[in-house]
Each structure stands twice: as C-alpha cells, then as structure tokens.
Amino acid sequence: MWALSGARLSDGSAADVVVDGERVARVGAGAAAGVPEVLDCSERLVLPAFVDGHVHLDKVFIRDELREHDGTLRGAIQAIHERKRRYSVEDVRARARAVIEESVRQGTTRLRSHVDVDTIGKLVPLEGVLAAAADCADIAEVQTIAFPQEGLLRDPGAHELMEAALELGAHVVGGMPHWEADEAAQREHVRLCFDLAQRFDRDVDMHVDETDDGGVRTLEMVADEALKRGYTGRVTAGHVCSLAAADEEYAKRVIDKCAQAGISIAANPVTNLVLQGRGDRGLIRRGTTRIAELRAAGVNVLFGQDCVKDGFYPFGRGSMVEVALISAHAAHLTTHDDIAYALRAITEAPAQAMRLSDYGLAPGMRADLTVMTSGSWEEALRLQLPPESVWFKGRLVAENSVTSVLYH
Ligand SMILES: [Zn+2]
C-alpha cells in the first residue's frame, strides 16, 4: 500500500490518494495516515489517467510515405490505399506501439483504436495493432474497433473480413455509413453493423457523417437502429461533422434521439478543423459537431486524438491535454465550467463511451493516475506541460521532467 499525499484534485480540493495493489483504496484528507510509503504531491494535480476514446493506431506515422493530396477526407483515404497495400504486421505493430508509448508518457493509459478492415489491407492492420497492444499490456490498455474504412457495400468482401476481425479479437464493431453510394446503401450498412454487434455481443462505434454536407444524415439511421434494437448506452458516433451544417429542426430531433439512445459522440475537432470546410470561401465551416447543443441535451461528448501524423493530419503526439486545448478553441470552451467540461471530455466521457466500469479517482477504481506539476486543471491546460508521473494499475509507468532556465 502507498499514497500520494496533499494532492490537488480537479475540483480544487486537497486530498490524499491511497493505492492498494492495482486499485485506489481511499481518497480524502488525511487518508494517507499510517500508510508506509507516501509521495508528497503538494501543489500538484492528480487526475485519473486520460482516455483517448478515438484514435487510428494502424495509420499513425505514415504521412511522409504518402503522395501529396488535396487535404480532404476523400483525398487522404485514397492517398493511403497504396501504403495500406504494403502494410506488414510488424510495420503496423511498430508504429502503433510508438504512439501507445507516447500516449502513456503523456498521461493516457486507455485507448480505443479504430483499425481498418477492408479488402486492401485485409486483417494485417488489426493483427499489427493487436500485437502492439499486447506489447504494451504492462503500461496501457487498448480496445480495438473493426472499422470498414472503405465501406461494406462499396467494398465486397469487407463484411466477411469484419466477421473474421471480430473472431480475431477486435472488441467493437465500427462502421462508416456515409461512405456508401446512396441512402439505401447507408441504411443497409448501419443494419449490417448492428447485426454483427448483436451476433457477437459487441458495442458499436462508427464514423458518422464526417462531411460538411448538412444533407448527409446517417446519424439518425444509427440512432433509430440503436433505439429499435434496445442498444441503449452501447453506441458511439464519431466525428458527426455534418450535424453542424444541418437545419435546426433535424439537429434538434436527432440530438434528442441520441440522448434517448444513450449514444456517445466522439468529437474530433483536432483533425476536423483541418480536414473539413476546404470547399468553403469566406465563412469557412469549422468541421466540428454541435458540441454546445449536444452538451445541453445531456449527450455524452468525448474528444479524441483521432490521428497522429497520418494522411489526414500532420500533427498529433498522443497528448490528450493538447487535444483538450485545441478542442476548447474549436468549441468556444472558455468559462470555468467549460474548461472543466474539456477535462471531462478526455476522462470520464470516453470512459463512459467505452463502458469502463473501474474508471475514476474513487475507492475501488483502477489506480491509473496522472500527476501534473500544475496545481489546477486550468493551469495544466494552459501550460501544456507533460505529466510528472503516470501510473497504470498502481505501477509507475512514466515520468517526465522539464527544465527551463532564464538568464535575466
Ligand atoms: Zn476517426
């Protein structure tokens, strides 16, 4: 048994955090009394370790090997095809592992990764990411989503590969209905994904409406299907960009359905700020979903890293604190309440979407902790310093120190 003493919690209060084995035993003032090993954390912020609920580990770090494209989602998907054909398990494994390790250094110990499943790469990306997850099982926990990036109806054979991916160990059923050719095919795509999810008893986490076109409305298909099948609280919709461009009546209706179905929304402003709105002149759309309205309706919204130096996005370093800062800019999050909401979007919100039952800084929860040198979340977000220490299942897994000297 050991403890962090005098730490600041996200609400500003001071407390000791006592850890017993892999679990948090106690949290509170004076809780460390009598504990043999105590680390002084005065004026440091202790948070549950961050959760990246939406990332693509199979694609990370391929950017410099791709031909240049027009910067759009379609351009990126096409530019990746050639590289995807040349993926090997070891290649994917090494790149995915590097980002898992970097994420841990930056305070993230749980990740949910989409992994392409299609007739181009077949199951190679999944095998690579599963191998990387196994390599890193001592420092992080990675869920995988079988993601039919090239569509299901558009890519004959992808459905069989999805079944094989779930048999191989993919945890969650992915999807990308708006990529299909027409509305009937989109609806069929959604139906097929839910069929797979029910058959394998898996949750659903789809890419939904990652387009500027407000007329694209697969979110409602997903919400209707979730409600029809009683899949409440088991579905996440990612990106959902077109909702920002949709009319008010549709937006209100579909947001209500999302709330009713307990659908989580994975907003990825970091990537969508640079991918979307490229056809606009003058007033350029931001590509970010209706975070304020979703929040007001009580829908669970998380922020994801989405991409690290791939064909879609040239930046990213596995830092959820950076993701929160960029997302705060995109979503106008500036009041104290808003900034607390940005923390929720990289901690409890993704934990809820991933249905992690042992997440949080409370007795009985898993001791995945991040200690920040800043004394408050607002300062941690503003200053963007790496965590001082990171703990996974009660074990120290990363430490960072930053030195700065001013010669006045
Ligand atoms: Zn994505």
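We count ligands from 1, going down the list as the structure has it; atoms in each ligand are counted the same way. Note that this is a predicted model, so its numbers are computed, not measured.
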Chi angles and distances behind the side-chain contact (heavy atoms from CB on, under 4.5 Å) call for T119, E150: CA-CA 8 Å; T119 58; E150 312 295 334; over 6 Å; no

Counterpart residues, side-chain hydrogen bond (donor to acceptor under 3.5 Å, both in side chains), relative to D224 (two or more places apart): K257

Ionic contact status for R295 with D338, cut-off 4.0 Å: yes

Non-neighbouring partners of A164 that pass side chain to side chain contact (heavy atoms under 4.5 Å, CB included), sequence neighbours left out: L123

Protein-derived N, O or S atoms lying under 2.8 Å from the Zn ion (ligand 1), waters excluded: 5

Residues T335 and D337: side-chain donor-acceptor under 3.5 angstrom: no

Pairs satisfying side-chain hydrogen bond (donor to acceptor under 3.5 Å, both in side chains), at least one member in residues 170-179, at least two apart: T144-H171

